Student: 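Before I ask anything, let me first share the structure, which is written out below as structure tokens.
Here is how names work: the chains are called A, B, and so on, in the same order as the sequence lines, proteins then strands, and each is numbered from 1. Keep in mind the model is a prediction, meaning the values are calculated, not measured.
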Protein chains: 2
Amino acid sequence: MKRIATELGVSVALVSYVLNGKMTDRINEDTAKRIRDLAEKLNYRPNQIAKSLKNSKTYTMGLIVADISNFFYSHLARYIEEEANTHGYNLIFGSAYEDPKRFENILNVLIGRQVDGLILAVPEGAEHCIPYLQEIEIPFVLIDREFPQFDKITTIGLDNFKSSKSIADHFLSQGYKRLGAVGLSTNLYHLQERKRGFVETASASLPAGAVFSYEIIEERLNEEIEEVVATAVNRDKLDAICFFTNKIAMAALPIIVKLNLKVPDDIAVVCFDEAEAYKLFSCPLTYVRQPLQAMSSLAVDYLTDGEQRLRGNHIKFDSDLVVNRSSLRTL
Amino acid sequence: MKRIATELGVSVALVSYVLNGKMTDRINEDTAKRIRDLAEKLNYRPNQIAKSLKNSKTYTMGLIVADISNFFYSHLARYIEEEANTHGYNLIFGSAYEDPKRFENILNVLIGRQVDGLILAVPEGAEHCIPYLQEIEIPFVLIDREFPQFDKITTIGLDNFKSSKSIADHFLSQGYKRLGAVGLSTNLYHLQERKRGFVETASASLPAGAVFSYEIIEERLNEEIEEVVATAVNRDKLDAICFFTNKIAMAALPIIVKLNLKVPDDIAVVCFDEAEAYKLFSCPLTYVRQPLQAMSSLAVDYLTDGEQRLRGNHIKFDSDLVVNRSSLRTL
DNA sequence: AAGAAATATTTAATCGATTAAACAAAATAT
DNA sequence: ATATTTTGTTTAATCGATTAAATATTTCTT
């Protein structure tokens with residue numbers, strides 16, 4: 001801008017007015033044209049850094065996901081970016097890879113870069129950031145994972161209780177009698193809700209002669225999963241099993257292949273989340289589909305002041321159980 | 001900073017010196033402590049925007065990938081982020097979803113935000129950005145995709161010719177006689193190299209009685225793939241097939257399941273890239289593994305002035321062909 | 001022709017930091 | 001007691017934009 005101003009012998013302010021289309025009625029059309037032409041010729045791009053500093057508005061939203069290499073989050077990121085764009089915002093994102101230290105670090109970077117709002121999938125162990133964010137009054141919304149121990153935190157997620165309830169109900173309605181679910185050893189509330197939905201439903205409406213079990217992966221998924229699956233089938237004689245996260249499913253399904261188990265004849269399977277990868281499996285899989293687009297849209301809308309009625313609430317979306325052959329009794 | 005300064009009755013400059021640890025030998029240890037303590041208490045975080053404006057250095061690198069929901073890029077992004085972090089840089093990234101308009105848009109955003117360097121996987125149709133970037137003299141490096149029509153562009157990618165040559169050689173060494181490959185209708189150089197590697201190797205060293213074919217997906221992968229696979233098997237009687245991108249593989253493998261083809265008995269298969277999803281397939285797949293970490297590391301290193309000998313060169317990494325049962329003659 | 005109104009442009013403060021240079025006060029040297 | 005260092009702190013310009021308010025110029029009124 002300075003260069004344009006000196007080359008044309010006008011003030012920087014005038015250049016600014018012209019290039020921003022302000023005070024159009026006052027500015028000489030000739031001068032304006034000369035400024036625009038030179039800007040074009042010099043390939044002028046405004047320095048957004050300076051702009052943001054002045055406006056204290058960056059038109060940027062920050063997204064931190066727990067793990068971008070998890071397709072659930074990479075798809076979520078895609079929807080959020082799209083939605084942000086249509087609202088005139090840009091999205092910058094980071095991935096914490098489930099590490100609280102990294103989460104905090106990225107959070108500080110994004111706050112330092114003055115994002116206008118944050119969408120966060122908080123990893124376990126980084127909860128303490130939540131009251132801090134409230135304190136510094138930066139607009140934010142939690143997504144996917146909720147933390148009921150804190151008050152008045154706008155949160156958008158799935159009704160995880162209902163989702164797993166629907167899985168247990170589905171198994172039972174298909175006449176399966178020996179149900180199992182595999183979850184992670186974690187305090188993350190949304191995963192506990194999945195467990196609760198399954199366990200409570202199973203205990204409440206278990207028909208005569210039926211059993212259910214709940215297996216927990218303690219630490220190292222890939223090392224433990226084989227034994228869990230083998231035990232489930234051989235010792236517990238399960239005829240239906242549900243994997244509570246896509247990571248578990250991605251680890252367990254190859255084991256099912258390896259153990260030469262037929263789905264659904266030897267065991268019925270239901271997974272969480274929607275994955276292209278599931279299509280490579282020998283049998284079309286039943287899975288819980290989360291309404292990613294609706295969630296993304298609502299989150300962005302809230303942050304851009306569109307939907308302030310959400311403030312402080314926990315929004316729980318319903319999932320669809322997409323039923324495929326993997327959990328259907330063979331006719 | 002201003003608040004700290006007024007509350008303690010000192011100048012903003014002093015606060016700046018203290019918090020940045022500059023002029024340590026001159027500053028009264030007492031004053032320094034009071035400043036640090038108050039900063040701590042007020043939870044002061046520097047405004048990076050202002051910092052960047054002053055320094056014209058943002059310690060941020062930009063990454064634009066062709067499609068973040070493609071696991072090849074999401075893994076690449078992960079490595080690049082890690083590498084950038086260890087160099088003291090932050091990474092902000094965007095995804096163009098193969099759309100040149102979007103690419104250009106994100107590019108402008110990142111440039112406007114004054115990133116210190118760019119790592120780019122350029123989608124087809126956005127090539128014109130490359131000379132522009134040269135002209136404005138922003139440091140950048142192309143990754144994965146190369147554009148030989150431009151001079152002196154630092155590019156890091158795979159030796160795609162060699163990679164597909166190794167696939168064809170492998171098929172032939174296994175005694176397969178009817179080879180096929182499936183690629184995309186595109187002008188992207190790296191994909192043409194894959195084709196060339198396969199076709200030239202096949203034509204050069206085709207044993208008596210052997211044939212090869214090269215199929216092209218014109219437009220809509222998911223609609224066309226079924227016919228391509230069916231034709232390959234039924235009409236062309238191929239006994240070995242190679243999918244030139246992971247997207248093609250992800251679309252083709254379900255078709256192989258659907259057509260009830262046995263791998264490798266009915267047809268041998270080789271894919272590009274490494275995917276967790278491949279593990280769900282009934283047979284362990286042979287695939288081309290790209291050295292993502294080495295590529296990422298080199299790219300970041302170059303941009304942080306570590307490795308300037310690369311400047312203007314096209315670096316081609318060798319891939320590993322990870323051989324699994326899917327391309328082995330049954331004994 | 002003088003004043004009012006409309007048009008065109010500039011001045012100067014500001015955003016939140018950084019930093020060379022100036023200044024002030026205390027300690028040391030002569 | 002005065003000059004010189006050393007120590008401690010402030011002033012003011014700067015990065016690249018924005019924008020209210022001031023000013024200058026032209027045109028219109030009567």
Student: Starting at NZ of A/Lys33 and ending at P of C/dT9, how long is that distance when rounded to a whole Å?
Tutor: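 A/Lys33 atom NZ is separated from C/dT9 atom P by 15 Å.
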
Student: Between atom CD1 in B/Ile111 and atom P in D/dG16, what is the gap in whole Å?
Tutor: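 To the nearest whole Å, that distance equals 16 Å.
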
Student: Rounded to whole angstroms, how far apart are CG on A/Asn55 and P on D/dT19?
Tutor: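 Spelled out: CG on A/Asn55 to P on D/dT19 is 6 Å.
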
Student: Ignoring hydrogens and angles, tell me if any N or O in the side chain of A/Thr154 forms a donor-acceptor pair with the backbone of A/Gly312 under 3.5 Å.
Tutor: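 At least one qualifying donor-acceptor pair exists.
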
Student: Using the closest heavy atom to pick a nucleotide of DNA chain C for each, name whichever of B/Met23 or B/Leu53 lands nearer the 5' end.
Tutor: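 The residue mapped nearer the 5' terminus is B/Leu53.
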
Student: What residues from residues 8-18 of chain A pass a heavy-atom cutoff of under 4.0 Å to DNA chain C?
Tutor: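 Here the set is A/Gly9, A/Val10, A/Ser11, A/Ala13, A/Leu14, A/Tyr17.
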
Student: Within this structure, what is the CZ-to-P distance between A/Arg26 and C/dT7, rounded to whole angstrom?
Tutor: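 Distance, rounded to whole Å: 8 Å.
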
Student: Can a side chain N or O of B/Asn20 be found less than 4.0 Å away from OP1 or OP2 on C/dT18?
Tutor: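 Indeed, a polar side-chain atom of B/Asn20 lies that close.
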
Student: Could you tell me which residues satisfy salt bridge (charged side-chain N to carboxylate O under 4.0 Å, His left out) with B/Glu146, sequence neighbours excluded, listed by chain and number?
Tutor: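 Result, salt bridge (charged side-chain N to carboxylate O under 4.0 Å, His left out) vs B/Glu146: B/Lys316.
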
Student: Of B/Ala32 and B/Lys54, whose closest DNA chain D nucleotide lies nearer the 5' terminus?
Tutor: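 It is B/Ala32 whose nearest nucleotide is closer to the 5' end.
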
Student: Looking at A/Tyr97, is B/Arg78 sitting on its ring face, NZ or CZ under 6.0 Å from the six-membered ring centre and within 45 degrees of the normal?
Tutor: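 Checked: cation-pi criterion met.
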
Student: For A/Lys51 and D/dT18, is the shortest distance between a side-chain N/O and OP1 or OP2 below 4.0 Å?
Tutor: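 So the side chain of A/Lys51 is within the cut-off, an N or O lying under 4.0 Å from OP1 or OP2 of D/dT18.
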
Student: Establish, with yes or no, whether the OP1 or OP2 oxygen of C/dC15 is under 4.0 angstrom from a side-chain nitrogen or oxygen of B/Lys2.
Tutor: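 True: B/Lys2 side-chain N/O within range (under 4.0 Å) of C/dC15 OP1/OP2.
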
Student: Whole angstrom is fine here: how far is it from OH in B/Tyr44 over to C1' in C/dA17?
Tutor: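 Taking OH of B/Tyr44 and C1' of C/dA17, I get 7 Å after rounding.
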
Student: Does D/dT18 have OP1 or OP2 under 4.0 Å away from a side-chain N or O of A/Lys22?
Tutor: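 Result: no.
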
Student: Select base, sugar-phosphate, or nothing to describe what B/Ser52 touches, counting heavy atoms under 4.0 Å on all strands.
Tutor: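 B/Ser52: no heavy atom of the nucleic acid under 4.0 Å.
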
Student: C/dG16, D/dA17, D/dT9: which one has an atom nearest the side-chain heavy atoms of B/Ala50?
Tutor: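 For the B/Ala50 side chain, the nearest candidate turns out to be C/dG16.
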
Student: Please give, in whole Å, the distance from C/dA24 C1' to B/Asn28 CG?
Tutor: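 Interatomic distance, CG of B/Asn28 to C1' of C/dA24: 15 Å.
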
Student: Is the centre of the A/Phe93 ring less than 6.0 Å from the centre of the B/Phe93 ring?
Tutor: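 Yes.
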
Student: Please give, in whole Å, the distance from C/dT9 P to A/Glu29 CD?
Tutor: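 Answer to the nearest Å: 11 Å.
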
Student: Starting at atom CD1 of B/Ile49, determine the distance to atom C1' of D/dG16, rounded to an integer number of angstrom.
Tutor: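 Between C1' of D/dG16 and CD1 of B/Ile49: 12 Å.
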
Student: Out of curiosity, A/Leu63 CG to A/Tyr73 OH, how far, rounded to the nearest 0.5 Å?
Tutor: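 That separation rounds to 10.0 Å.
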
Student: How many angstroms lie between atom CZ of B/Phe103 and atom CD of B/Glu127, to the nearest 0.5 angstrom?
Tutor: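 Taking CZ in B/Phe103 and CD in B/Glu127, the distance rounds to 9.5 Å.
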
Student: Between the side chain of B/Ser16 and the main-chain N/O of B/Val12, is any donor-acceptor distance below 3.5 Å?
Tutor: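 Checking the backbone N and O of B/Val12 against the side chain of B/Ser16, no donor-acceptor pair under 3.5 Å is found.
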
